[in-house]
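Numbers here simply count residues along the sequence, with the first being 1. Numbering of ligands and ligand atoms starts at 1, following listing order. Computation of the quantities below employed the complete heavy-atom set of this structure, encompassing side-chain atoms and omitting hydrogens, waters and symmetry-equivalent molecules. Since this is a predicted model, take the numbers as computed values, not measurements.
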Amino acid sequence: MKAITIPQPGDADALVLADVPDPEPAPGEVRVRVAAAGVNRADVMQRMGHYPPPPGAPEYPGLEVSGTVEALGEGVHGWAVGDQVCALLSGGGYAELVCVPAGQLLPVPHGTSLEDAAALPEVVSTVWSNVFMTANLLPGQTVLVHGGSSGIGTMAIQLAREVGARVVVTAGSAAKLEACRQLGAEILVNYREQDFVEEVRAATGGAGADVILDNMGAKYLARNVEALAPGGRLVVIGLQGGAKAELNLGLLLRKRGAVIATSLRARPADEKAAIVAAVREHVWPLVEEGRVRPVVHSRHPLADAPAAHRELEESGHIGKILLTP
Ligand SMILES: NC(=O)c1ccc[n+]([C@@H]2O[C@H](COP(=O)([O-])OP(=O)(O)OC[C@H]3O[C@@H](n4cnc5c(N)ncnc54)[C@H](OP(=O)(O)O)[C@@H]3O)[C@@H](O)[C@H]2O)c1
């Protein structure tokens with residue numbers, strides 16, 4: 001098969017299309033012929049040599065795909081050759097074929113095209129596991145979503161809106177904020193011009209955000225804790241602003257707040273399967289009713305993976321970028 005390899009970590013041109021051996025499904029795995037793969041910021045980190053695949057994961061980048069089941073490993077039940085699926089991966093999605101534990105497969109939702117379904121597994125699993133399973137966002141509460149126009153952000157806004165939460169977003173341009181508003185965000189903060197702590201306080205009568213989904217890490221830690229409501233939960237999922245910062249435990253203690261940091265990719269297969277099962281139960285019906293949708297910004301052929309990475313890094317996109325083998 002053809003796959004994107006990384007012979008030497010580096011800039012976008014480090015992504016090289018090559019002929020590699022077809023993967024064989026291990027017991028409990030399914031082989032999928034890829035229709036599309038989602039591009040995630042983690043793939044950029046892997047390309048640069050900062051985010052090696054976890055032990056046992058395919059070495060090629062790519063954390064989510066859609067496609068057609070082509071072969072079943074020993075002991076797989078509930079899936080058949082020819083099924084149209086999408087899948088949460090630990091790696092290997094930038095390829096014509098990928099093997100995935102059966103517990104990480106989802107059917108393509110009715111009403112979503114096979115290609116667009118590739119934009120769902122990673123963002124939906126990340127948002128559902130963090131905002132709902134971990135931070136327990138409830139109807140009527142306020143959630144602050146940093147980077148609201150990102151792949152993750154566009155899904156977080158829609159799911160929070162669906163549970164009846166109030167959504168505050170940050171983004172770096174008026175056009176991106178307008179896209180967030182159309183998805184259901186009520187309070188729009190241009191982080192280049194406004195202070196999100198002040199804006200969150202103003203929007204909540206001084207109370208703060210019950211949940212914050214953060215992609216910035218160190219750079220926003222102090223201000224995120226300031227923006228938390230009493231009993232608030234800050235979930236850090238990205239370190240775009242660095243990994244080390246000072247935490248004011250006195251302020252956190254007075255607020256009875258929580259700071260949590262998680263990585264989906266590093267979770268064991270049984271936890272990923274539990275998250276995927278929860279997504280299928282809670283999120284898939286919303287997608288099938290057309291209430292929540294994948295937001296696809298652009299598509300590139302697999303061979304043009306460097307162009308797709310450049311587009312992500314230039315950050316003009318709203319939603320997801322896809323690769324199509
Ligand atoms: N821990 C996990 O399991 C997990 C899983 C998936 C994703 N993630 C993380 O989630 C984040 C989003 O991922 P993605 O794939 O959706 O990436 P993406 O589409 O490239 O989004 C990155 C976003 O960061 C925003 N941004 C940059 N500087 C900012 C600032 N100072 N304040 C607020 N936002 C800022 C950008 O918005 P502007 O262009 O407007 O600046 C852009 O929307 C990444 O940090 C990724 O690593 C974590």
Side-chain angles (χ1 to χ4, degrees), residues 12 37-48 50-51 54 61-64 88-91 93 118-131 133-135 144-158 168-180 183 185 188-197 199-200 212-221 223-224 227 234-243 260-267 271-272 275 279 294-298 308-323:
V39 175
N40 287 278
R41 194 145 281 259
D43 309 338
V44 173
M45 303 298 296
Q46 180 171 343
R47 189 200 76 209
M48 290 172 160
H50 304 317
Y51 197 39
L63 298 176
E64 58 188 345
L88 177 69
L89 309 174
S90 303
L120 290 170
E122 171 75 12
V123 293
V124 174
S125 301
T126 300
V127 171
W128 191 259
S129 60
N130 285 293
V131 176
M133 295 169 77
T134 298
L144 167 60
V145 177
H146 286 300
S149 65
S150 65
I152 292 286
T154 51
M155 184 52 63
I157 295 167
Q158 295 184 76
V168 185
V169 290
T170 60
S173 74
K176 288 187 168 189
L177 289 169
E178 173 55 20
C180 295
L183 291 169
L188 312 174
V189 183
N190 185 328
Y191 69 79
R192 297 184 203 277
E193 297 167 0
Q194 293 166 288
D195 176 0
F196 68 79
V197 181
E199 300 302 322
V200 167
I212 301 178
L213 184 65
D214 175 68
N215 60 328
M216 296 306 293
K219 185 173 173 183
Y220 278 3
L221 180 65
R223 283 194 286 155
N224 275 335
L234 163 62
V235 191
V236 179
I237 61 163
L239 302 174
Q240 290 170 233
I260 305 150
T262 73
S263 161
L264 180 59
R265 191 185 196 186
R267 290 189 188 231
E271 286 187 26
K272 286 184 181 149
I275 290 168
V279 159
V295 178
V296 177
H297 180 79
S298 62
H309 272 214
R310 275 191 282 273
E311 186 173 42
L312 190 88
E313 289 175 280
E314 284 161 10
S315 209
H317 64 289
I318 293 170
K320 299 286 294 183
I321 297 169
L322 299 182
L323 292 172

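Looking only at heavy atoms of the protein, atom 3 (O) of ligand 1 is closest to L264 N, 2.7 Å. Taking atom 41 (O) of ligand 1 as the reference point, the nearest protein heavy-atom neighbour is Y191 OH, 2.3 Å. Considering only non-hydrogen protein atoms, atom 31 (N) of ligand 1 sits nearest to Y220 OH, 3.0 Å. Closest protein heavy atom to atom 25 (C) of ligand 1: N215 ND2, 3.6 Å. Looking at atom 13 (O) of ligand 1, its nearest protein heavy atom turns out to be I152 CG1, 3.6 Å. Atom 39 (O) of ligand 1 has K176 NZ, 2.4 Å as its closest protein atom, hydrogens excluded (heavy atom only). The shortest contact between atom 44 (C) of ligand 1 and any protein heavy atom is with Q240 OE1, 3.1 Å.
Atom-to-atom distance recorded for M133:CE and S125:OG is 9.5 Å, nearest 0.5 angstrom. With values rounded to the nearest 0.5 angstrom, R47 atom CZ is found 10.0 Å from M45 atom CE. Between I152 atom CD1 and I157 atom CD1 the span is 11.5 Å, to the nearest 0.5 Å.
Residue G172 has at least one heavy-atom neighbour below 4.0 Å for each of these atoms of ligand 1: 40 (O). Those atoms of ligand 1 with a heavy atom of T170 less than 4.0 angstrom away are 33 (C). Close approach of ligand 1 to G238 (heavy-atom distance below 4.0 Å) involves ligand atoms 45 (O). Those atoms of ligand 1 that come under 4.0 Å of a heavy atom in G147, given as number and element, are 33 (C), 34 (N). Atom numbering of ligand 1 starts at 1 in the shown order; those under 4.0 Å from a heavy atom of N40 are 15 (O). Taking every non-hydrogen atom of E122 and a distance limit under 4.0 Å, the qualifying atoms of ligand 1 come out as 5 (C), 6 (C). Every atom of ligand 1 is numbered from 1 in the order shown, and the set under 4.0 Å from a heavy atom of G151 is 16 (O), 19 (O). Heavy-atom contacts of H317 reach the following atoms of ligand 1: 18 (P), 19 (O), 20 (O) (cutoff under 4.0 Å).
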How far apart are the C-alpha atoms of T126 and M155, what are their side-chain angles, what is the distance that settles it, and do they pass the side chain to side chain contact (heavy atoms under 4.5 Å, CB included) test?
CA-CA 9 Å; T126 300; M155 184 52 63; over 6 Å; no

Please walk me through it: do L88 and L264 pass side chain to side chain contact (heavy atoms under 4.5 Å, CB included)?
CA-CA 10 Å; L88 177 69; L264 180 59; 3.8 Å; yes

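Between S149 and ligand 1 there is a heavy-atom distance shorter than 4.0 Å.
Contact annotation: for R41 versus ligand 1, heavy atoms closer than 4.0 Å belong to both the backbone and the side chain.
With hydrogens and angles disregarded, a donor-acceptor distance shorter than 3.5 Å links the side chain of H297 to the backbone of I318. In this structure, N40 contributes its side chain and A42 its backbone to no donor-acceptor pair below 3.5 Å. A distance-only check finds a donor-acceptor pair linking the side chain of K272 to the backbone of R265 [under 3.5 Å]. Between the side chain of Q194 and the backbone N or O of N190, at least one donor-acceptor pair lies under 3.5 Å. A donor-acceptor contact shorter than 3.5 Å is absent between the side chain of E122 and the backbone of E64. In this structure, the side chain of S298 does not engage the main chain of I321 through any donor-acceptor pair within 3.5 Å.
The shortest N or O to N or O distance between M216 and ligand 1 is not below 3.5 Å. Geometrically, ligand 1 and T126 share no nitrogen or oxygen pair separated by less than 3.5 Å. Looking at ligand 1, you won't find any N or O of L239 less than 3.5 Å from one of its N or O atoms.
G148 and C180 make their closest contact through C-SG, 3.4 Å (heavy atoms, listed as atom of the first residue, atom of the second, distance). Taking both residues in full, the closest heavy atoms of L177 and T170 are given as CD2-C, 4.4 Å, listed atom of the first, atom of the second, then distance.
Across I318, V39, T262, heavy-atom proximity to atom 1 (N) of ligand 1 is greatest for T262. When the options G217, S150, A175, C180 are ranked by their closest heavy atom to atom 43 (O) of ligand 1, first place goes to S150. For atom 4 (C) of ligand 1, the nearest non-hydrogen atom from the set V235, L213, V127, I237 comes from I237. The option with the heavy atom closest to atom 36 (C) of ligand 1, from among A171, G241, G153, S315, is S315.
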